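Heads up: the structure comes next, in structure tokens.
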Amino acid sequence: MSNNTSSSPIDPSWQPLFDAERAKPYMTELREYLAHRKTQRVVVYPHSSQWFNAFSLTPVESVKVVILGQDPYHGPNQAHGLSFSVPSGVPLPPSLLNIYKEIDTDIGGEVSLAARRAGCLENWAQQGVFLLNSVLTVEQGQAAAHQGRGWETFTDAVIKYLSDERSDLVFLLWGSYAQKKGSVIDAKRHRVLRAPHPSPLSAHRGFFGSKHFSQTNEWLVEKKQNPIDWHDVF
């Protein structure tokens, strides 16, 4: 994908990765597929201006934590290029609500996140939480519509790039899909935490009680980095 006005302006630190991937055949095929779907007047989420929002908000050198999602939300006004996040004012999706419940249980807070009903995680991204979906686009009302079209190859390259170029990151892998995706991570260089997905279908199988948020902050403090303020959402 090109870094132009039709997509989020990526931070320059990501440019070497984008340059390396842009010329590969899979990316050409992905661009052609997305252009074809556009000609068929299919509604694609998020808007193309937000496809690379995560790369705009979190420079490579600022990444501390990676939270890997699967697909963007496929309902109107939900997806905006950050895994699990929704724009301010949009009702909380069930998985995000469960993430908030675990934060409240794990680290507490004066005001319950679940009660606050604020779902925009851009402040996490600006603190160094890289909110990456495996697939960056979806079609309205069609979950997983763009799986297998090339995004997974791109995001595998992103994860490996972070694993190779950085050290002492925390990778939060929730659910079997994310855990398989994490096979390219060098666990000797990074902290990798695994749990079931926060979806209502699986959260009670071990996501609740996983204490990933406190464990992440303990690791960051140990590595002399500032912890994440997990209550900083809007």
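Computed from a predicted model, the values in this text were never measured in an experiment. The chain is numbered in sequence order, starting from 1.
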Residues passing the side-chain hydrogen bond (donor to acceptor under 3.5 Å, both in side chains) test with Q126, sequence neighbours excluded, are none
N/O donor-acceptor pair under 3.5 Å between N53 side chain and H80 backbone: yes
For the residue pair I67 and V129, establish whether any side-chain heavy-atom pair is separated by less than 4.5 Å. yes
Heavy-atom count around K38 NZ within 6.0 Å, excluding the residue itself: above 12? no
Using only atom types and a distance under 3.5 Å, with no angle test, would you say the side chain of S134 pairs donor to acceptor with the backbone of Q70? no
Could you walk me through whether F84 and W174 pass the ring pair (Phe, Tyr, Trp, His ring centres under 6.0 Å) test, one step at a time? CA-CA 11 Å; F84 295 103; W174 300 331; 5.6 Å; yes
For atom CZ of R189, decide whether the heavy atoms of other residues, nucleotides or ligands shown that lie under 6.0 angstrom number more than 12. yes
Parallel, tilted or perpendicular: ring planes of F154 versus F52, cut at 30 and 60 degrees: perpendicular
For side chain to side chain contact (heavy atoms under 4.5 Å, CB included), just list the numbers for K64 and I228, CA-CA rounded to whole Å, side-chain angles, deciding distance to a tenth of an Å, and then say yes or no. CA-CA 9 Å; K64 300 177 182 178; I228 304 299; 4.1 Å; yes
Ionic contact status for K160 with D164, cut-off 4.0 Å: yes
Considering the options L169, N226, V65, which one meets the side chain to side chain contact (heavy atoms under 4.5 Å, CB included) requirement together with L220? V65
Please determine whether a side-chain nitrogen of the Lys or Arg among D168 and R191 lies less than 4.0 Å from a carboxylate oxygen of the Asp or Glu. no
Candidate list W51, W151, Y45, Y33, test side-chain hydrogen bond (donor to acceptor under 3.5 Å, both in side chains), partner T137, passing option: W151
Are more than 12 heavy atoms, taken from residues, nucleotides or ligands other than N77, located less than 6.0 Å from that residue's CG atom? no
Under 4.0 Å between a Lys/Arg side-chain N and an Asp/Glu carboxylate O for R22 and D19? yes
